[in-house]
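One structure is given below, encoded as structure tokens.
If you're wondering where the values come from, they're calculated on a predicted model, not measured in any experiment.
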Amino acid sequence: QVQLVESGGGLVQAGGSLRLSCVASGSIISINRMGWYRQTPGKARELVATITSGGLINSADSVKGRFTISREQLNNTVTLQMNSLKAEDTAVYYCNAQLTLVSTGRQYAYWGQGTQVTVSS
């Protein structure tokens with residue numbers, strides 16, 4: 001059993017900041033990759049930023065220089081610091097984790113339920 005608990009979403013004015021956190025719990029051996037995706041109505045879910053267990057980061061061009069992703073592997077936690085927010089950043093943000101389970105030793109992907117981020121202009 002794996003659960004991803006997201007927090008930090010809310011309403012912020014353009015130019016402001018928010019910090020999203022995601023904590024994975026369960027019988028997890030390791031998290032291979034963890035990060036955030038976002039989705040708006042009528043649009044496909046898209047990458048925001050992810051980070052691997054080795055610290056390699058993949059992020060969308062639209063957030064480079066504004067968003068920073070970091071991890072705390074011992075706590076199975078990933079944090080997305082979002083600065084200089086724009087109205088176009090408004091979306092439901094979903095945590096994603098690719099992890100290895102104790103029960104099988106195999107890798108699986110899990111999604112959080114999503115947290116709303118609304119940026120007003």
*Quick one: ring pair (Phe, Tyr, Trp, His ring centres under 6.0 Å) pairs with a partner in residues 44-80, sequence neighbours left out?*
none
*Do I51 and Y108 belong to the same hydrophobic cluster, where Ile, Leu, Val, Met, Phe, Trp and Tyr are linked whenever their side-chain heavy atoms lie under 4.5 Å apart, directly or via other members?*
yes
*D89 and R66, any side-chain heavy atoms less than 4.5 Å apart*: yes
_Closest non-hydrogen atom pair, L80 against A49_ = CD1-CB, 4.3 Å
*Is any side-chain heavy atom of V78 less than 4.5 Å from a side-chain heavy atom of I69?*
yes
*Atom pair CD (Q39) and OH (Y94), whose distance is rounded to the nearest 0.5 Å*: 5.5 Å
*Nearest heavy atoms of C95 and L4, plus distance in Å*: O-CD1, 3.7 Å
_For K64, give me all partners under side-chain hydrogen bond (donor to acceptor under 3.5 Å, both in side chains), at least two apart in sequence or on another chain._
S59, D61
_Reported CG-to-OG1 distance for the pair N96 and T50, which is rounded to 0.5 angstrom_ = 8.5 Å
*Straight-line distance of T52 OG1 to Q98 CD, nearest 0.5 Å*: 10.5 Å
*Report the C-alpha distance between L20 and V117 in whole Å, list the side-chain angles of each, state the deciding distance to 0.1 Å, and finish with yes or no for side-chain contact (heavy atoms from CB on, under 4.5 Å).*
CA-CA 9 Å; L20 303 183; V117 171; 4.1 Å; yes
*asked:* Which heavy atom of E6 sits nearest to which heavy atom of T115, and what is that distance?
replied: OE1-N, 4.0 Å
*Verify the cluster assignment for V92 and Y110: are they in a single hydrophobic cluster under the rule of side-chain heavy atoms below 4.5 Å apart?*
no
*Ignoring hydrogens and geometry, is there a side-chain-to-backbone donor-acceptor pair from E72 to T77 under 3.5 Å?*
no
Table please: side-chain donor-acceptor pairs of residues 21-37 below 3.5 Å, with sequence neighbours left out.
residue: N32; atom: OD1; partner: T100; partner atom: OG1; Å: 3.3

*Determine whether more than 12 heavy atoms belonging to other residues, nucleotides or ligands lie under 6.0 Å from atom CD of Q116.*
yes
*Considering only Ile, Leu, Val, Met, Phe, Trp and Tyr, and joining two whenever side-chain heavy atoms are under 4.5 Å apart, list the other residues clustered with L56.*
none
*Applying salt bridge (charged side-chain N to carboxylate O under 4.0 Å, His left out), name anything that partners E46, two or more places apart in sequence or on another chain.*
R38, K43
*Could you tell me which non-hydrogen atom of L18 sits nearest to which non-hydrogen atom of G10, and how far apart they are?*
CD1-O, 3.9 Å
*Pair listing, side-chain hydrogen bond (donor to acceptor under 3.5 Å, both in side chains) test, anchored in residues 78-88, at least two apart*: S17-N83, R19-Q81, Q81-N83
